[in-house]
2 protein chains.
Amino acid sequence: MKPKYQVLIDDIKSKILSGVYSVGERIPTESALKDMYCVSRQTVRKAILELSNEGFLRSEKGSGTYVSNQYQSKSGRKSYNKTIGVITTYISDYIFPSIIRGIEGRLNEENYSLLLASTNNDVEQEKKALEMMLSFGVDGLIIEPTKSNLFNPNIAYYLSFKEHDVPFIMINAYYEELDVPFLCLDDVQSSYLATKELVSKGHTQIGHISKSDDLQGKYRMKGYIKALGEAKLRFHPEKVLSFDTETKLELYINLKKFLNENRDELTAMVCYNDEVGLEVVNVCRQLGISIPDELSIIGQDNSYIARNANIKLTTLTHPQEQMGRDAADWVIKKLQGGGKDLPNETYYHPVLIEGETVKELKKINSCESRQLSTRCLNKKMY
Amino acid sequence: MKPKYQVLIDDIKSKILSGVYSVGERIPTESALKDMYCVSRQTVRKAILELSNEGFLRSEKGSGTYVSNQYQSKSGRKSYNKTIGVITTYISDYIFPSIIRGIEGRLNEENYSLLLASTNNDVEQEKKALEMMLSFGVDGLIIEPTKSNLFNPNIAYYLSFKEHDVPFIMINAYYEELDVPFLCLDDVQSSYLATKELVSKGHTQIGHISKSDDLQGKYRMKGYIKALGEAKLRFHPEKVLSFDTETKLELYINLKKFLNENRDELTAMVCYNDEVGLEVVNVCRQLGISIPDELSIIGQDNSYIARNANIKLTTLTHPQEQMGRDAADWVIKKLQGGGKDLPNETYYHPVLIEGETVKELKKINSCESRQLSTRCLNKKMY
DNA sequence: AATTGACATTTGTACGTACAAAAAATATAC
DNA sequence: GTATATTTTTTGTACGTACAAATGTCAATT
């Protein structure tokens, strides 16, 4: 358990690093902090003394305590460190090794070092990672946002980076509340193409699995709805299963329930990503649903797990390594002074990769009113 | 007029610098100093705290206050970051993603964060990474040594970690100059088994490609020599090609020259690792040397590139993910106080994985003195 | 002789009171 | 309006009490 003075140190340091207290600004008096934190004045003083020793604060008798610039001059040795910080939600899973390979490759070409931290899509861990990077004084940052579809209190840190002219760029998603540079797959287009592919294969009963806390989830849902609309197919909310980072552990159970309930309603699923797509394959195997005979599935991202599974998942491309290279390239160029003509928003267009999980229903598409019963008949013949 | 605590500081510092209190010696207790100087205990503590910050003293609860050496830095304070630093030579290539996966997985189970830096097997970048970790104050470290077979001036940092009781463990190799905990593949055994396999397949003209700046290179050479010795085969230095991190870029050219010169001398190669093994395959393709008909090849480490190449390389296992997990487990246990019975040296035993790059020569092994001319005759017949 | 448990000792955290010293704010005089 | 004196505010030094946490010591037991 942290001592009280350490809680104060951490809080005040956090406020300094995030720009709540800016350099030269006077922080609340010892007496005010005593009341704010419900501690004794001695405890406040102990915290302030330690922060002064670390160069964050400077006290003046009779006047007050001010944010010092000593820590900043230490972290301001940007060109000396030649290090780029990378903050991602995960490191060794899914498409992240490929992204990191792209980043690392490009950085090595310019002899930049890489400092990498992961957040596990958790706001507290993102905060810690940001403070680490700020404290050390990285030259630039490549950041994958955490829970990008929800409000994030760490946004203050990004504003602080902007203020200190530390170039950073976001990948995979961005905070819509901020005007920041980013590189993203066109998530709308990805789901749109997936849904459109299923429509072109004769599917009219198409479900969707969505992730609610990431911006990708929102726009992949948008693409799904857009393609339904173009095909004059109605959007049914009960054909959508939504989950988030915290409920991901229960996805297997929720999928089982969802697919059982919709067994006779759906002929196809557009999944949030390949990981979810393969989870659907797994659950269908448990429920005795034949893929793709009874249910067609499309994942997204073209991850290695889609390519290496027992059944080759139909999926959409994700720029992965190229996006990593481009992000590193952007930061390097920014650091080398050529920031004027760098793009602030880059979208990558997805391409469909055919696998073994989509079945064409065109043969029985001549009479749409009998589609479901024809499907049941077809099933009895095999 | 000097404050009382400054009088104490000056007096105690003077006693330390003059040798009255020698390094490692316990100075009088707070209570005794209170009586000696006729001040309050708080005033004594203030003096001791400042001397501790300056590196002159070190206090231990329940025990006393000791004279420290002056190299002790402020980063010796206990860390509350719950972050483990990992320093590896590379991040996204070869077997490193698997190792990192193991580390990350174990750390996540205990809610530790991961901070990752790579050195590219360069001493300066290792120094930078170590300073970053020290500066931030990680709770523990997992380190893959840089140029582990050469003297490394950064060894002082590892001594500093030891002194500050920051638990760290090395993976893949260690510095033989230091008595540090480590987890390693048994590199002697790996090359020994590779060479022995070739011997058992009838090969007597066996070459070796070695890496001189890493400890693995030294011990894999040792295993090669050991197996030659057991088979009563002579060790020929001209059948060994050695390279290091800096000359790696020229490996292709040097391999071409080496394999051309030894075209009629060698029937098999034990390679430092899979990467080198596949490079040999590549060069042989250029030189028109048929694998494994004319030259058998064994790599080491069972990396994904060995499993996914056009030709499946015969190789030896490396613990990769398991070793990563064990390293993280070791550090976590150390941090949780259970340091007494943790192993200081762990070796993993390699196992041969058969591929498509080794040919058996047993049919023509009956007369060893005519082996080379028989091989030439055999070649003319095809 | 080795181990265990109880107790003493020592440092660490946190609260409080009191006064000193320097800067800032306000009042007063011109 | 400006200069000076006085008061208030804020940090700095020093004292004290109380309890927690870790280490060290010693006696009893096996």
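- Here C:dG12 presents its P atom at 11 Å from CG of B:Leu57, a figure rounded to the nearest Å.
- For A:Lys4, the salt bridge (charged side-chain N to carboxylate O under 4.0 Å, His left out) criterion is met by no residue, not counting sequence neighbours.
- A:Tyr5 has a side-chain polar atom (N or O) that falls below the 4.0 Å cut-off from OP1 or OP2 of C:dT13.
- Residues forming a ring pair (Phe, Tyr, Trp, His ring centres under 6.0 Å) with B:Tyr174 (at least two apart in sequence, or on another chain): B:Phe182.
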Quiz item: Dot-bracket for DNA chain D: what is it, with Watson-Crick or G-U pairs under 3.5 Å, [ ] where a pair crosses earlier ones, and | for a pair to another strand?
Solution: ||||||||||||||||||||||||||||||
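- Residues passing the salt bridge (charged side-chain N to carboxylate O under 4.0 Å, His left out) test with A:Lys61, sequence neighbours excluded: none.
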Quiz prompt | Contact pattern, 5' to 3', of nucleotides 4-9 of chain D - B, S or - by protein heavy atom under 4.0 Å | solution = ------
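- The side chain to side chain donor-acceptor pair (under 3.5 Å) search around A:Glu246 returns A:Lys147, not counting sequence neighbours.
- When distances run from any side-chain atom of B:Thr65 to the nucleotides C:dT11, C:dC15, D:dG12, the shortest one goes to C:dT11.
- For residues 31-40 of chain B, the set of pairs meeting the salt bridge (charged side-chain N to carboxylate O under 4.0 Å, His left out) definition, not counting sequence neighbours, is empty.
- For B:Arg26, the salt bridge (charged side-chain N to carboxylate O under 4.0 Å, His left out) criterion is met by no residue, not counting sequence neighbours.
- In this structure, the CZ atom of B:Arg58 is 11 Å from the P atom of D:dT23, given to the nearest Å.
- Nucleotides of DNA chain C nearest to A:Lys46 and A:Tyr66 differ in position, and the one nearer the 5' end is that of A:Lys46.
- For B:Asp186, there are no salt bridge (charged side-chain N to carboxylate O under 4.0 Å, His left out) partners at least two apart in sequence or on another chain.
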Determine all donor-acceptor pairs shorter than 3.5 Å in which one atom belongs to a side chain in residues 319-326 of chain B; sequence neighbours excluded.
unit_1, atom_1, unit_2, atom_2, d
B:Gln320, OE1, B:Ser98, OG, 3.2
B:Gln320, NE2, B:Asp301, O, 2.9
B:Gln320, NE2, B:Asn302, O, 3.1
B:Gln322, NE2, B:Asp326, OD1, 2.9
B:Arg325, NH1, B:Glu109, OE2, 3.3
B:Arg325, NH2, B:Glu109, OE1, 3.3
B:Arg325, NH2, B:Glu109, OE2, 2.9
B:Asp326, OD2, B:Tyr348, OH, 2.6

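- Residue A:Asn53 contributes atom CG, which lies 15 Å from atom C1' of D:dG12 at whole-angstrom precision.
- Between the CD atom of B:Glu30 and the P atom of C:dT13 there is a distance of 11 Å, rounded to whole Å.
- Annotation: proximity of residues 33-45 of chain A to DNA chain D (heavy atom, distance under 4.0 Å) is found for A:Arg41, A:Gln42, A:Arg45, numbered in ascending order.
- The distance from atom CD of A:Glu60 to atom P of C:dA22 is 12 Å, rounded to the nearest whole Å.
- The separation between A:Leu49 atom CG and D:dT11 atom P is 13 Å, rounded to whole Å.
- Between the C1' atom of D:dA14 and the NZ atom of A:Lys61 lies a distance of 13 Å, rounded to the nearest Å.
- Under the rule for a side chain to side chain contact (heavy atoms under 4.5 Å, CB included), the partners of A:Asp93 that lie at least two apart in sequence or sit in another chain are B:Arg101.
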Quiz item: side chain to side chain donor-acceptor pair (under 3.5 Å) between A:Asn149 and A:Glu176: does it pass, once the steps are laid out?
Solution: CA-CA 8 Å; A:Asn149 199 32; A:Glu176 288 179 312; over 6 Å; no
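- Under a 4.0 Å N-O distance rule, the pair A:Lys248/A:Asp244 does not qualify as a salt bridge.
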